[in-house]
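A short worksheet on the structure shown next.
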Amino acid sequence: MNRKSNFPRGQKTPTALTDGNGAFWGHLHSGVTLLLFLVFSAMAILGVFVMRDLRVSHADAQKTHAASVERLRQIAEVEHEARETRQLTLYALTTDDSNLQVEYADRTREADHHVTEGILESIQRAKTPQEKEVLERLRRDWSDYISVRNEVLASSLEGSTKEALRRDLEEGVPSFDRIDQDLGEVKRLYSQDDAQGVARAAATSSRLRTGLAVFLGLAVTFAIASILAIQEGKILNARHLTKLQMDFVASVSHELRSPLAVISSAADNIVDGLVEGKEGLHRYGLVIRNQNRRMTELVDQILLFASTADRRNRNVLRPLEVSQIIESVVNSTAELAREQGFVIEQQLEANLPSVVGDVSALSQCLRNLVGNAMKYSGDSRWIGLRASLQDTGEQAGKEVRIIVSDRGIGIDSAELPHIFDPFYRSPNVRAVQIHGTGLGLSLARRIAEAMHGRLTVVSELGAGSAFTLHLPVAAAEPSAVAAVASLANPVMPE
Amino acid sequence: MRRFAGLLFIIVTAGCLLRAASEGSRGTVGATSGKLATANQNLAIIVNLANPIEDVSKVELRKIFLAERTYWPNGRRITLVMRAPGDPERKSVLREICQMNEEEFKNHFLHGLFTGEILVSPKILATPAGVRKFVFNVPGAIGFLRAEDVDATVKVISIDELLPGDKGYTLRLESRSDKQHEQEK
């Protein structure tokens with residue numbers, strides 16, 4: 001059988017595999033993708049914060065620099081007005097025209113007023129005690145100079161130019177030198193403060209940039225690692241899928257080849273005239289029929305799995321009597337059971353309510369379970385088939401449970417999580433040459449879920465297994481439940 | 001005809017009366033204005049705000065203006081500030097305080113400077129604002145201004161305990177046009 005027949009057109013094989021071992025890789029992909037998304041989101045948010053901090057830092061630096069420039073501008077104005085004050089005082093000394101002298105005196109007083117105001121404003125804006133101290137000293141020195149200036153002006157206006165010059169040289173010049181020194185110190189402090197502010201801002205900015213670079217580096221590294229992990233996961237997933245498909249092909253080939261070999265051999269014997277008599281022909285005919293049945297079942301199983309896997313198959317759900325389902329299963333497996341010497345013990349609770357489902361699908365589901373029970377019963381030749389009404393333990397109320405049990409080899413607890421995976425076959429059963437495709441239980445579970453039910457298992461190694469089909473009880477109004485349910489939306493196992 | 005002549009007489013008489021009333025009211029306003037102007041013609045003697053002196057006698061004031069007294073009681077040298085020759089305020093001060101005319105005043109200072117009795121001649125300022133600013137800047141300065149030109153930057157001292165506007169205050173400006181004064185300002 002080629003792959004096309006196994007996986008019909010339109011079917012995505014990895015989707016089917018998500019039910020089993022492939023689910024692990026599917027979950028891994030989803031988890032990694034979610035983690036990647038979360039980490040990138042966190043990084044994006046952090047990035048936004050870092051960018052905001054950078055902008056704030058830059059704005060602070062600009063503000064600090066602007067404030068320093070403004071203070072420097074103000075002190076430069078003070079310096080200019082101070083020099084104007086002195087120059088105008090000296091101009092007054094250069095003339096004996098009282099009108100001009102008065103004009104200079106007036107202007108020097110105006111300039112001196114600006115200086116005083118500028119110094120007071122600077123004191124108010126002083127940020128550090130050191131600045132305030134220097135500015136206070138400037139104010140005192142300026143006040144001293146103004147006193148000298150007034151005396152010089154008065155002497156000049158009185159006509160005592162000599163006296164005015166003497167006073168200016170002896171007192172005015174040293175006094176103004178002190179003001180020069182004070183102004184220089186203020187400017188140095190302002191420049192120093194500005195430089196420190198800019199340096200602080202630059203350091204902060206540098207730290208943030210480094211942080212951002214590290215952060216981006218980590219983000220890119222993480223992204224690459226995540227992409228590699230996803231790629232690796234996909235590769236592993238593909239390998240796993242390939243291995244399952246190869247196993248499946250090998251298994252199906254073997255399952256087909258064995259009956260074909262038997263049929264071929266029987267046919268050869270008949271043709272070669274090695275079969276004598278009517279009884280011999282009858283025996284060979286039975287062999288051929290049985291092998292043909294086995295092949296037909298195998299092909300049916302594969303086709304059914306493929307049809308459920310493509311999710312386009314539709315079953316008609318309607319209220320069914322449990323006895324009707326059980327009867328259908330027993331009838332279809334009776335001959336095989338008889339041939340293999342099995343006893344099927346039935347226990348049906350009286351007055352069981354109807355369930356909702358498709359009779360042929362449910363029959364197929366239970367046939368698979370009974371068939372498995374026969375395959376893995378070992379030396380035991382007993383199969384139990386029980387049906388009962390049970391509480392679901394949920395608000396929905398009650399459900400019908402159909403249990404197929406055997407006293408066979410049982411299932412290792414480590415394998416229980418995988419037995420419903422498509423194509424899964426236990427290494428133990430492979431070792432003892434128990435043939436199968438690994439599709440029976442997977443198909444049974446899909447059918448159960450398509451009927452809005454579920455399939456569970458309890459097993460003990462060496463003691464046997466019990467598979468339970470849980471089916472919801474039909475509603476009171478039969479017409480209400482005769483709905484068309486689609487396998488397009490089955491509740492698939494996680 | 002008589003009636004017409006009577007009506008004409010009444011109209012002419014009423015017109016004359018209205019005209020007389022109009023001129024009378026205009027004359028009253030002018031008189032009030034002149035009175036105010038007269039009140040504002042007082043001249044004030046001003047000194048620097050730092051100068052402790054509050055009053056000076058007319059005799060002392062004459063000595064100060066003629067540079068016969070050159071130091072204030074606090075030891076500050078007196079600096080005399082005057083307006084330019086020909087200025088009405090100057091004329092009034094020369095007349096009222098120095099009891100001299102311009103020529104006599106000029107000669108007095110020329111003689112004093114020549115003989116060495118006077119060391120510094122008065123400072124001449126062109127405008128009332130100049131006088132005010134000079135006095136403001138020089139602690140020992142003394143000058144004169146029309147009362148209306150005085151502000152808080154200078155101090156007005158009394159003469160024989162009389163301030164401008166007081167009854168008996170004699171330092172007044174000779175008549176002159178307000179327009180000329182405004183131009184000087």
Side-chain angles (χ1 to χ4, degrees), chain A residues 81-117 142-172 175-176, chain B residues 46-52 64 67 69-72 74-87 89-90 109 112-113 116 118-145 149 151-155 183-185:
Chain A
E81 292 293 338
R83 296 198 184 288
E84 190 77 0
T85 303
R86 176 146 180 76
Q87 272 182 354
L88 289 165
T89 306
L90 294 177
Y91 289 164
L93 295 176
T94 60
T95 178
D96 55 359
D97 182 343
S98 296
N99 291 297
L100 264 180
Q101 285 178 328
V102 165
E103 180 64 27
Y104 288 137
D106 205 27
R107 284 169 57 189
T108 189
R109 282 188 184 281
E110 198 177 330
D112 129 43
H113 181 66
H114 289 154
V115 174
T116 307
E117 274 187 347
W142 180 250
S143 180
D144 291 346
Y145 172 74
I146 290 303
S147 299
V148 175
R149 191 278 316 265
N150 288 344
E151 290 297 330
V152 170
L153 268 182
S155 297
S156 172
L157 288 165
E158 281 169 354
S160 308
T161 308
K162 195 175 173 185
E163 170 66 14
L165 281 171
R166 184 195 64 76
R167 185 162 276 178
D168 187 69
L169 284 172
E170 286 180 3
E171 298 175 38
S175 181
F176 201 80
Chain B
I46 57 166
V47 295
N48 187 278
L49 289 173
N51 195 332
I64 288 169
R69 178 177 168 181
T70 54
Y71 287 91
W72 293 106
N74 63 0
R76 269 276 177 190
R77 195 168 65 194
I78 296 172
T79 305
L80 182 61
V81 186
M82 297 199 75
R83 299 292 301 277
D87 184 88
E89 285 94 331
R90 179 177 169 121
F109 269 90
L113 288 168
I118 298 172
L119 296 174
V120 181
S121 55
K123 300 293 174 189
I124 306 299
L125 273 302
T127 62
V131 172
R132 198 169 52 232
K133 286 175 182 174
F134 189 98
V135 173
F136 171 72
N137 278 292
V138 181
I142 183 168
F144 50 86
L145 283 175
D149 293 330
D151 66 12
T153 59
V154 292
K155 183 164 79 174
Q183 281 173 349
E184 285 174 359
K185 274 188 177 179

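All chains are named by letter (A, B, ...) in the order of the sequence lines, taking the proteins before the strands, and each is independently numbered beginning at 1.
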query: Quick one: what part of A:Ser155 sits under 4.5 Å from any heavy atom of chain B, side chain, backbone, both or neither?
result: neither
task: Using non-hydrogen atoms and a 4.5 Å limit, figure out which bit of A:Glu151 sits close to chain B: side chain, backbone, both or neither.
output: side chain
query: Is the CZ atom of B:Phe109 crowded by more than 12 outside heavy atoms at less than 6.0 Å?
result: yes
message: I need the minimum non-hydrogen distance between A:Ala105 and B:Asn137, along with the two atoms involved.
response: CB-ND2, 3.5 Å
- request: Over all heavy atoms of both residues, which pair between B:Phe134 and A:Glu158 is shortest? Give the atoms and the distance, please.
  value: CZ-N, 4.4 Å
message: Taking the side chain as everything from C-beta on, heavy atoms only, tell me whether A:Leu157 gets closer than 4.5 Å to B:Thr79.
response: no
- request: Measure the OG-NZ distance between A:Ser98 and B:Lys133 for me, rounded to the nearest 0.5 Å.
  value: 14.0 Å
message: To the closest 0.5 Å, what do you measure between CD (A:Gln101) and NZ (B:Lys123)?
response: 6.5 Å
task: Please determine, among B:Val131, B:Asn48, B:Ile78, B:Ile124, the option with the most heavy-atom pairs under 4.5 Å with chain A.
output: B:Ile124
query: Which answer fits B:Arg132, side chain, backbone, both or neither, if we ask what part of it has an atom under 4.5 Å from a heavy atom of chain A?
result: neither
Most contacts with chain B, counted as non-hydrogen pairs under 4.5 angstrom, among A:Asp106, A:Asp96, A:Leu153, A:Asp97: A:Asp106
